[in-house]
Amino acid sequence: MGVAGSGKTTVATLLADRTHRPYAEADEFHPQANIDKMSAGTPLTDEDRWPWLRAMRDWLDVQAAEGDSAVVTCSALKHSYRDLLRTAHGRVRFVHLTGSAELLEERMTHRSGHFMPASLLPSQLATLEPLAADEDGITLDVGAPPEELVDRILASTALPRPTIPRAPRHLAGAPTHPEER
């Protein structure tokens with residue numbers, strides 16, 4: 001979890017690869033209307049986010065039903081959003097990736113091919129509610145290299161290892177078309 005530019009995709013991909021877990025990118029769960037809104041520089045409302053969050057929770061439920069622990073990226077900016085994600089079957093653990101506003105803005109400015117403009121970073125930072133004491137998770141500063149962050153994640157939790165290593169299934173079961181969302 002974390003605001004745009006915090007490296008969620010990079011860290012989650014490395015974590016999924018290392019642990020042979022299914023992985024899904026939260027952006028894939030957004031309906032086109034949300035993407036259009038953000039592309040235009042308009043922050044999403046809670047009403048925009050609830051269906052998106054429910055879709056991710058449902059994907060986690062499917063993975064749990066198949067006996068898999070999974071990795072999913074999600075900004076999960078508010079405690080209430082994380083409350084909804086925690087209703088997924090199994091243990092839901094958060095890794096809050098954080099960094100200075102300057103570092104995050106620089107990362108957003110230099111990335112290509114993403115619909116989220118750097119102009120929305122201040123609204124995300126204003127909305128962000130850091131992990132609370134009642135939430136299962138850790139907070140990591142993204143000034144460290146992604147590989148080191150994954151090492152810290154693995155050291156902080158006892159992720160069960162798959163009996164038979166397999167390649168991670170990116171977006172396994174995640175919607176790929178707006179009509180599937």
Side-chain angles (χ1 to χ4, degrees), residues 1-19 21-30 34-35 38 43-46 48-61 63-64 68-101 103-105 107-108 111 114-116 118 120-159 168 170-171 174:
M1 65 165 276
V3 298
S6 62
K8 294 182 299 290
T9 299
T10 300
V11 171
T13 302
L14 286 170
L15 181 62
D17 286 347
R18 273 219 225 157
T19 61
R21 297 286 181 258
Y23 162 72
E25 168 63 49
D27 291 343
E28 299 293 328
F29 294 90
H30 274 299
N34 285 8
I35 293 170
M38 289 183 285
L44 297 179
T45 65
D46 283 352
D48 296 324
R49 287 187 178 103
W50 292 122
W52 170 66
L53 291 161
R54 282 192 294 271
M56 280 182 281
R57 185 242 359 245
D58 295 348
W59 182 81
L60 288 168
D61 281 343
Q63 302 314 303
D68 282 326
S69 295
V71 177
V72 64
T73 62
C74 179
S75 54
L77 299 175
K78 291 184 178 181
H79 193 283
S80 60
Y81 303 164
R82 297 187 298 270
D83 283 345
L84 187 140
L85 292 171
R86 276 196 304 269
T87 65
H89 298 292
R91 180 182 182 191
V92 177
R93 187 154 204 271
F94 297 97
V95 176
H96 179 190
L97 300 177
T98 187
S100 71
L103 173 62
L104 299 168
E105 183 176 4
R107 287 179 170 192
M108 289 180 75
R111 68 182 180 181
H114 198 279
F115 58 82
M116 178 78 136
L120 289 180
L121 180 59
S123 72
Q124 284 205 322
L125 289 169
T127 302
L128 177 65
E129 296 172 0
L131 286 176
D134 68 330
E135 295 181 282
D136 186 5
I138 59 170
T139 300
L140 300 174
D141 188 305
V142 298
E147 295 80 8
E148 185 179 317
L149 295 174
V150 172
D151 289 342
R152 290 180 189 175
I153 294 165
L154 292 172
S156 74
T157 189
L159 285 176
H170 176 69
L171 298 175

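Rounding to the nearest 0.5 angstrom, the gap separating the OG1 atom in T9 from the CD atom in E25 is 3.5 Å. From L60, atom CG reaches atom CZ of R86 across 13.0 Å, with rounding to the nearest 0.5 Å. Here the CG-OG1 distance, from D46 to T127, works out to 8.5 Å after rounding to the nearest 0.5 Å. Taking OG1 from T19 and CG from L154, the interatomic distance works out to 7.0 Å, rounded to the nearest 0.5 Å. Taken to the nearest 0.5 Å, the CG atom of D27 stands 7.0 Å off from the CD1 atom of I35. Distance NE2/H89 to CZ/R57: 8.5 Å, rounded to 0.5 Å.
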Intermediate values then yes/no, side-chain contact (heavy atoms from CB on, under 4.5 Å), W52 and L44:
CA-CA 11 Å; W52 170 66; L44 297 179; 5.6 Å; no
Would you sort out whether H30 and M38 count as a side-chain contact (heavy atoms from CB on, under 4.5 Å), showing the intermediate values?
CA-CA 10 Å; H30 274 299; M38 289 183 285; 3.6 Å; yes
Derivation of the side-chain contact (heavy atoms from CB on, under 4.5 Å) call for L85 and L53
CA-CA 7 Å; L85 292 171; L53 291 161; 4.2 Å; yes
I would like to know whether S80 and D83 meet side-chain hydrogen bond (donor to acceptor under 3.5 Å, both in side chains); could you show each step before the answer?
CA-CA 5 Å; S80 60; D83 283 345; over 6 Å; no
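Here the side chain of D68 pairs no donor or acceptor atom with the backbone of A70 at under 3.5 angstrom. A distance-only check finds a donor-acceptor pair linking the side chain of N34 to the backbone of D48 [under 3.5 Å]. Formation of a donor-acceptor pair under 3.5 Å by the S156 side chain with backbone atoms of I153 is found in this model. No donor-acceptor distance shorter than 3.5 angstrom exists from the side chain of K8 to the backbone of V72, with no hydrogens or angles considered. The closest donor-acceptor contact from the side chain of R82 to the backbone of A76 lies under 3.5 Å.
When all heavy atoms of L14 and V150 are compared, the closest pair comes out as CB-CG2, 3.7 Å. M56 and C74 get closest at one heavy-atom pair: CE-SG, 3.5 Å. Among all heavy-atom pairs drawn from Q124 and A4, the shortest one is OE1-N, 2.6 Å. Heavy-atom minimum distance, S69 versus P22: O-CD, 3.2 Å.
Summarising the local packing, NE2 of H79 is surrounded by more than 12 heavy atoms from other residues, nucleotides or ligands at distances under 6.0 Å.
Ion pairing between a basic and an acidic side chain is recognised when a charged N comes within 4.0 Å of a carboxylate O; D151 and R18 show such pairing.
Side chains of L77 and V3 form a contact here, defined as non-hydrogen atoms less than 4.5 Å apart.
Just one of T73, L131, V95, L97 meets the side-chain contact (heavy atoms from CB on, under 4.5 Å) condition when paired with M1; it is L131.
Note: W50 and Y81 have perpendicular aromatic rings, judged against thresholds of 30 and 60 degrees for the angle between ring planes.
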